[in-house]
There are 2 protein chains.
Amino acid sequence: MPRTFDRAGALKKLREFYRSHHRPPSFDEIRELFGYRSKNSAFWIVRRLIESGFLRKDPKGKLVLDQLTGVKLLGSVAAGFPNPAEEELVDTLNLDEYLIRHPEQTFLVKVTGDSMIDAGIHEGDLVLVERGRSPKEGDIVIAQVDREWTLKYYQKKAGRPVLVAANVKYPPIVPREELTVGGVVVAVVRKYK
Amino acid sequence: MPRTFDRAGALKKLREFYRSHHRPPSFDEIRELFGYRSKNSAFWIVRRLIESGFLRKDPKGKLVLDQLTGVKLLGSVAAGFPNPAEEELVDTLNLDEYLIRHPEQTFLVKVTGDSMIDAGIHEGDLVLVERGRSPKEGDIVIAQVDREWTLKYYQKKAGRPVLVAANVKYPPIVPREELTVGGVVVAVVRKYK
DNA sequence: TTGACAATAGAACGGTCGTTCTATAATCTG
DNA sequence: CAGATTATAGAACGACCGTTCTATTGTCAA
C-alpha cells in the first residue's frame with residue numbers, strides 16, 4: 001500500500017458493496033473487490049482508511065461504514081453554490097435517519113387532491129406520517145372527515161379542534177363528533193419524473 | 001422455539017440492532033438480544049424467520065435484513081386510510097434508495113428565497129440535486145445567474161435556454177452568455193418542526 | 001547493477017462464525 | 001401421573017474471520 005492512495009475510489013468501492021449487500025464486506029471480499037490475491041493487502045487498505053478517519057471499527061472489531069449511505073449536504077442555494085468535489089460540505093445526511101425519528105410509528109402516504117396546495121403539498125407527493133402523536137396547533141394532520149381521510153391543518157377555535165385546508169376552495173371543517181386523527185405529518189417528499 | 005411465536009417482536013429487535021450497528025447481528029448477538037443462553041436458540045429463531053420469508057441469506061450465507069431500514073408505504077389519502085397494523089401496506093420503501101439513483105453525483109441543498117414557491121418549493125426545504133445531467137425542458141435546475149446560484153425552471157425559447165421562476169414576482173431570465181447549470185433537482189424534502 | 005525500500009503474496013495463528021448433535025428441562029396430553 | 005413432545009442448553013465441528021509474520025516481487029536512486 002502506498003502512503004497516499006486513491007481513498008475516494010476505495011471508499012466508493014466499499015460504499016457500493018455496502019449498498020448492494022446491506023452489510024460491510026469481509027477482508028476477503030475487500031481483497032476480491034480490489035483485485036488483490038492476498039488478504040493482507042485488504043488489511044492495509046482498511047488500516048489506512050481507519051488511520052485517516054474514513055472508516056472505523058465496532059467495539060467488537062467489526063468494520064463500520066456508517067455515513068456511507070448518506071448524501072452530501074451542501075450549503076444553501078443563495079449562499080453561493082459550493083463545489084461538492086471540494087470538501088466544503090456541511091454534513092453528510094442519511095435521509096431515512098434524518099426524517100424518521102420513530103420508525104415503527106411512521107409510514108408514507110401518497111397525496112391525492114389539492115387541499116394542501118398552499119402549504120406546498122401537491123398531488124402525488126409522499127407525506128411521512130407519525131402515528132400516536134397528539135397534534136399541536138398548526139401541525140398538518142391526516143384526519144378522518146365524513147368517512148374520508150384528508151390532509152388538513154390542525155387548528156383550535158374556542159378550545160375545539162378545527163381542520164383547515166391550505167386552499168381557499170375548501171372551507172374549514174368543524175367536526176361534529178369526535179375527531180379521528182390518523183397521525184401528524186412530519187415531512188413531505190416529492191420525487192420528480 | 002414454538003411453531004408460532006412473536007415474529008413482529010423478533011423482527012423489531014433485529015431491525016433495531018441493524019439500525020444502530022449498520023450490520024446484521026451474529027448468531028451470538030441474536031442470542032444475547034433475546035436473552036437466551038445458547039446460540040442454538042438464536043439459530044432456531046432465524047430459521048423460523050427465514051422459513052416464513054421475513055429474512056433471507058446471502059449466497060455467502062450471511063443474514064440479509066434488507067427492507068428493514070425502510071418505512072411502510074400505504075395507499076393514498078383519499079383512497080381511505082389503511083391501518084398500518086394490518087398487512088394492507090403497498091410496499092416498504094427506503095427513502096435513500098427511492099430518491100437517490102446516482103449517489104456519487106447527488107447532493108442536498110437547503111433552499112433560501114421564494115423563487116420556486118408556486119412549484120411547492122419553500123424556503124428551508126431541501127432539494128436533492130443531481131449533477132452532470134443535462135436538463136430537459138420543464139426540469140427544475142440549480143443555475144448560476146449573475147454570480148448567484150438560484151433554483152429555476154429550465155425552459156427553451158427560440159432554441160435558447162430561459163430560466164423561469166415559479167413566482168410572478170420574478171421575471172424570466174435569458175442568460176446573455178453561457179448558462180451554468182449546477183444540476184437538476186430530482187426531489188424535494190421538507191421536514192416539519 | 002546493486003542496495004534500499006515499498007508493495008504484494010502467501011502461510012499460519014487463534015478466535016469467532018454458523019451449524020449440528022446430543023442432553024436436559026419445561027410443557028402438554030391423555 | 002406417565003409418556004410424548006417441545007424448548008432450551010451446552011458441547012463440538014469445520015469454515016471463515018481478522019490479524020500477524022515472513023517471503024517474494026517490484027520500483028527507484030545511487
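Lettering of chains follows the sequences in order, A, B, ..., and the numbering in each one begins at 1. Keep in mind it's a predicted model, so treat the numbers as computed, not measured.
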Could you tell me the separation between the [atom1] atom of [X] and the [atom2] atom of [N], rounded to a whole number of Å?
X       : N      : atom1 : atom2 : value
A:Trp44 : D:dT19 : CH2   : C1'   : 11 Å
B:Tyr36 : D:dA11 : OH    : C1'   : 19 Å
B:Phe34 : D:dA7  : CZ    : P     : 15 Å
A:Ile45 : D:dG18 : CD1   : P     : 13 Å

side-chain contact (heavy atoms from CB on, under 4.5 Å) partners of [X], counting only residues at least two apart:
X        : value
B:Tyr170 : B:Asp114, B:Ser115, B:Ala165, B:Asn167
B:Ala166 : B:Met116, B:Asp118, B:Ala119, B:Tyr153
A:Glu29  : A:Phe17, A:Arg23, A:Pro25, A:Ser26, B:Lys60

- prompt: Between A:Asp58 (side chain) and B:His21 (backbone), is there a donor-acceptor pair under 3.5 Å?
  reply: no

query: Taking atom types as modelled, is there a side-chain donor on B:Arg7 or B:Ser52 under 3.5 Å from an acceptor on the other?
result: yes

task: Go through the steps for B:Arg101 and B:Thr106 under the test side-chain hydrogen bond (donor to acceptor under 3.5 Å, both in side chains), then give the verdict.
output: CA-CA 8 Å; B:Arg101 208 164 308 181; B:Thr106 307; over 6 Å; no

query: If we only count heavy atoms from C-beta on, is the A:Val129 to A:Val184 side-chain gap below 4.5 Å?
result: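 A side-chain contact under 4.5 Å is absent here.
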
message: Check this one for me: any side-chain N or O of B:Arg37 less than 4.0 Å away from OP1 or OP2 of D:dA9?
response: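 Answer yes for this pair, as a side-chain N or O of B:Arg37 is under 4.0 Å from OP1 or OP2.
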
- request: Return no unless some side-chain N or O of B:Ser41 is found under 4.0 Å from OP1 or OP2 of D:dA9.
  value: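 Yes, because at least one side-chain N or O of B:Ser41 sits under 4.0 Å from OP1 or OP2 of D:dA9.
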
Tabulated below should be each protein N or O lying under 3.5 Å from an N or O of nucleotides 26-28 of chain C; please produce it.
none

query: Looking for any heavy atom pair under 4.0 Å, which part of the strands does A:Arg31 touch: base, sugar-phosphate only, or nothing?
result: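 Nothing, no heavy atom under 4.0 Å.
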
5' priority, DNA chain D, between B:Ser38 and A:Arg47 [closest heavy atom]: B:Ser38

statement: What one should report as the nearest heavy-atom pair of A:Ser41 and A:Tyr36 is CB-CG, 3.4 Å

What's touching nucleotides 15-19 of chain C from the protein side, N or O pairs under 3.5 Å?
{"residue": "C:dC17", "atom": "OP1", "partner": "B:Ser26", "partner atom": "OG", "Å": "3.3"}
{"residue": "C:dG18", "atom": "OP2", "partner": "B:Phe27", "partner atom": "N", "Å": "2.6"}
{"residue": "C:dG18", "atom": "N7", "partner": "B:Lys39", "partner atom": "NZ", "Å": "2.8"}
{"residue": "C:dG18", "atom": "O6", "partner": "B:Lys39", "partner atom": "NZ", "Å": "3.1"}
{"residue": "C:dT19", "atom": "OP1", "partner": "B:Lys57", "partner atom": "NZ", "Å": "2.5"}
{"residue": "C:dT19", "atom": "OP2", "partner": "B:Lys57", "partner atom": "NZ", "Å": "2.6"}

- prompt: Does any pair with a residue in residues 184-193 of chain A pass side-chain hydrogen bond (donor to acceptor under 3.5 Å, both in side chains), and if so which ones, sequence neighbours excluded?
  reply: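 Of all non-adjacent pairs touching residues 184-193 of chain A, those that pass side-chain hydrogen bond (donor to acceptor under 3.5 Å, both in side chains) are A:Asp125-A:Arg190, A:Arg190-A:Tyr192.
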
